[in-house]
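Proteins come first, then strands; the chains are lettered A, B, ... in the order of their sequence lines, and each starts at number 1.
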Amino acid sequence: MNTTGELTLNMLKEKFQVTEMRVESPNRVWARIAPDKILAIAKFLSNELEFDHLSSIAGADYGEALEAVYQITAYSHGIVLTLKAKVPKSNPVIDSLTPVYWNAAWYEREAYELLGISFRGNPNLAPLVLPAEMMGEYPLRKDYKGYPNPT
Amino acid sequence: MDYIQLAFDLLGNPWIRGVVGLIVVGVIFFSAIVMVWLERKFLGDIQTRPGPNRVGGRFGLLQLVADAIKLFTKEDIVPENADKPVHAGGPIVALTSAFLMAVAVPYGVVSFEGSEYLLAVTTMDISALYVEAVAAVSIIALFMAGWGSNNKYSLLGAFRNIARMLGYEVPLGLAVLSVAVMAQSLDFVQIVSRQEQLAWFIFMQPLGFIVFGVALLADLGRIPFDQIEAEEELIAGVFTEYSSMRWGFAFFAEYLHAIVGACLVVILFLGGWSGLPFLGTLFIPPVLWFVGKVFVVIMVMIWIRGALPRVRIDQVTDLGWKVLFPYSLINLVWAAAVAMVVS
Amino acid sequence: MSGIIDSFIPVAIFLVFGFVMPVATMIIVKQISPRSQAGRKLSTYESGSVPFGDARIMFNVQYYLFAIVFVIFDVEVMFLYPWVTVYLGVDKFFTTMSVIEVVLFVLVLFVGYLYALKKGALQWVK
Amino acid sequence: MNGEIETQINLKPSEMLLHLGPQHPLQPGPFLLDLVLEGETVKDATLEMGFIHKGIEKILENRTYLQCIPITDRMCYLASISNNEVFCSGVESLMGIEPTERAKYIRTIMLELTRIQSHLLGIGEYATDIGFLSMFLWMIREREPIISLLEMVTGARLNHSFVRFGGVAYDLPAGFKEKTLRTLNEIRKKVEKHDEIMSRDSVYLKRTKGVGVLSRKAAMELGVAGPAMRGSGVDYDIRKVDPYLLYPDLDFKVITAPNGDVFDRVKVRLSEILESIYIIEQCIDMIPGGPFKQGYNPYLIKPKPGEVYSRVEDPRGEMGMYIVSDGTFKPYRVKVRGPAFATMQALPPLLKGAYMADNAAIASSMDSCTSEVDR
């Protein structure tokens, strides 16, 4: 199993010039990728490496930049590949994964409204869990002050 | 004794009989209350829970009284864009249809000084046809309720109601017809006496009994066929927009229909008020026989409710048109043949 | 003749009662039940959402097809009602003839039913 | 919230837009399902969530690690132990510790008990939705002893907050083993009986066979989770794919069913109850002695900076948590990947083309939990 995880990372390294990566445990591998390559990487992973299941898309706020975090897994093996893509807070745009993984749609909507990461190509980037009047508030960002008044 | 004789004579007058007969309304209202209570208790037993047990002692006997008080003192809300007369008319028509059914149902005979008197508000020679006709009015009542509310759930319920009832009116009519063929009459009294001569029609035409029973359940809208009020799909179906006593009428109409329906089953197939032949020496008044049989039929209805999931609306219409209708035709031919042999 | 009228006099009394009783009850209920002034209570219920559009729309023709088929068959059943009470009538010839006639009638009915079935009029459209 | 959707919809004269929700008897929690109906057929379905959004991810960022545990309960009270477990195992791997041997056993048993009671309630709710009220109440009756068992150990009936970092909160009480074995025996008999009813009753079969079919390929593509996925013939179970606690050593099957219809999804749940009973019976005989938690102060937990994605098999499917630690007493970011979220997402495409009357059966056979979606 360990080798499979490492193998995956090596292939990513060769094909997409990924530099920052590590093997955390036999079943968890981690890589930081360039945001413009996410769609190509996802296509490669799902078509050729059997990473056919997107577990989740999270986002995190690291001060000056936002990060989209993808947990890509598979139905047949237990390796969780965590991909992190940094996008600047001033223009947080990244390609949507919906062409590859259908279920990315809702995760992206959630990350969009809670953190403000905009996913280019998502068919319906409408607010999912927040009311429409709270759009633009981005509650999960660290500098969020509370709505309508902080308690 | 002369007074009793006089009373019977007076009851020969249709006007007096009609007014006195309003007691029947009270009686079936009371029996509806009993049925609701029974249903809750018996269903509770089936589902291993106590059922009503707070109002009126351990058995919750006064639960219905409490419910009635609640309904009486609730605000009556009519939605603003409802068709008000139609909306108000729905439950009233349903209730009236139940009353009109109850008029023609005979409940037994009383022997007095050698002569027998029939316990019925009125006798007519076409009572089977009459009851079926006024029962069909309730279809319109439910449609009025659904259409008048201007609510989407209600409307869906109303359309389902039409689609379903239409499929079952024909088999129901044919089943009644098969009974009439055998009894040579459309009069309930004749039908019962014919069963006393021959045998209960449930034995003479079991297929007819099944067809009638299923069609009746569907007509009443009880559980495998309660699509018009399917809670998880249509909230409360046609009665979504009803509150207060308006809803109470609809509710009561449903149970009155169920009771009169049970009476019909007993009269048409279970020998009416005649006793079991092998219990001949045991004296039980005919009225008690009748009530006992109705009780059994109602219990079976409740039992079915506890045991079956709801059928889907397309399956309901399929069952009506593609299963019950051919069977009811077969049964009609069978009944006619048997009737010819017997006579 | 008077016999028929006699049997329907109680029906008339019940009919009047059936219309008067609920109306009278509703008048009583109106007197004793509370009123609230909130306006939104009068809007139609749609699971807590604001209703969109009118409920009375052009509805699926499917339901009407059922109704048409029903009308045909129910009328035919109605024709059988008078027959059942008289078909064992006066003599053997009469009985035989009436039975043959009715068997033909039911057969025609059944052919009509098969036609409706084949045409898919009784099929619930998806 | 629904304003802008409606303006986008152009209805044909024979079509009607029906709101199911946010207050509808079908729903386990509030959500808004907009159906475009033509007659009785659903032409289009849109789903909106967020009526009970609790902001749990944000709350977790502002609590110490120990304080987080009760918050995770509140995501879905039917699976509170799995929610605890996924959070605690994530923090454990951040801290680099392992639960004690005894704690592993206790946690496994508790997780399986949670699965049983969640499935029982899930099947029950589903049964009411197809108009089978009796089955609902039977299921509630069967669930009651399981809840009592959980209460006996954790002291709470629903929100247990039982798992701790490196162990559990309390040891097993005396007499737990006997009571569990006795209870499970009874439950097994009853569940087998209900299974028989649900596989032989002709009305039930008519309602459920071939309804709401989710093919194997579609299920993998839509990414539904748990029993809904296994009902479509995909043997995807975190307990096998990515084992945790004792599961690598236990003997159990992944229950699947081939057809992917409503019937199969429920059948999978019923069989999983029996499988869970079998798992508990294996564990309960072998519980070792020793401490039930690691001996350190839970109030002063301060994992090393890092991040982890931990996942467990919730009763409803893959429950994952992505935890980022920045080396302080509070987590920097917690992202919850709930199974109900994935399942709910797949609902609109599944409803398209179904009968209005089948909505209830399909929606509740997915056994989704609004509370968890709107965490």
Checklist entry - Charged N to carboxylate O below 4.0 Å: is that the case for D:Arg216 and D:Asp235? => result no
Item to check | Presence of salt bridge, A:Arg141 and A:Asp61, under 4.0 angstrom | outcome: no
Checklist entry - Of the backbone (N, CA, C, O) and the side chain (C-beta and beyond), which part of A:Arg22 lies under 4.5 Å from a heavy atom of chain D, both, or neither? => result side chain
Checklist entry - Just how far is it from atom CD1 of D:Ile71 to atom CZ of D:Arg74, taken to the nearest 0.5 Å? => result 7.0 Å
Checklist entry - With only heavy atoms counted, which part of A:Ala105 is less than 4.5 Å from chain D, the side chain, the backbone, both or neither? => result both
Checklist entry - Hey, are D:Lys352 and D:Asp44 close enough for a salt bridge, meaning a charged N less than 4.0 Å from a carboxylate O? => result yes
Checklist entry - What option among A:Ser46, A:Ser55, A:Gly59 has the most heavy-atom pairs under 4.5 Å with chain D? => result A:Ser55
Item to check | Candidate list D:Lys104, D:Arg107, D:Arg239, test side-chain contact (heavy atoms from CB on, under 4.5 Å), partner D:Tyr244, passing option | outcome: D:Arg239
Item to check | Toward chain A, the part of D:Glu307 with a non-hydrogen atom under 4.5 Å | outcome: both
Item to check | chain D contact via A:Thr73 - side chain, backbone, both or neither, heavy atoms under 4.5 Å | outcome: side chain
Checklist entry - Which pair of heavy atoms, one from D:Ser325 and one from D:Leu94, lies closest together, and at what distance? => result CB-CD1, 3.8 Å
Checklist entry - Any idea which of D:Met344, D:Lys335, D:Arg337 has the most non-hydrogen atom pairs under 4.5 angstrom with chain A? => result D:Arg337
Checklist entry - Under a 4.5 Å heavy-atom cut-off, does chain A meet the side chain of D:Glu318, its backbone, both or neither? => result side chain
Next on the checklist: Would you compute the distance between atom CD of D:Glu313 and atom CD of D:Glu85 and round it to the nearest 0.5 angstrom?
Outcome noted: 12.5 Å
Checklist entry - Pick from A:Tyr107, A:Tyr101, A:Trp106, A:Trp102: which one has the most heavy-atom pairs with chain D under 4.5 Å? => result A:Trp106
Checklist outcome for this item: Most contact-rich option vs chain A, by heavy-atom pairs under 4.5 angstrom, among D:Tyr322, D:Phe31, D:Tyr332, is D:Tyr332
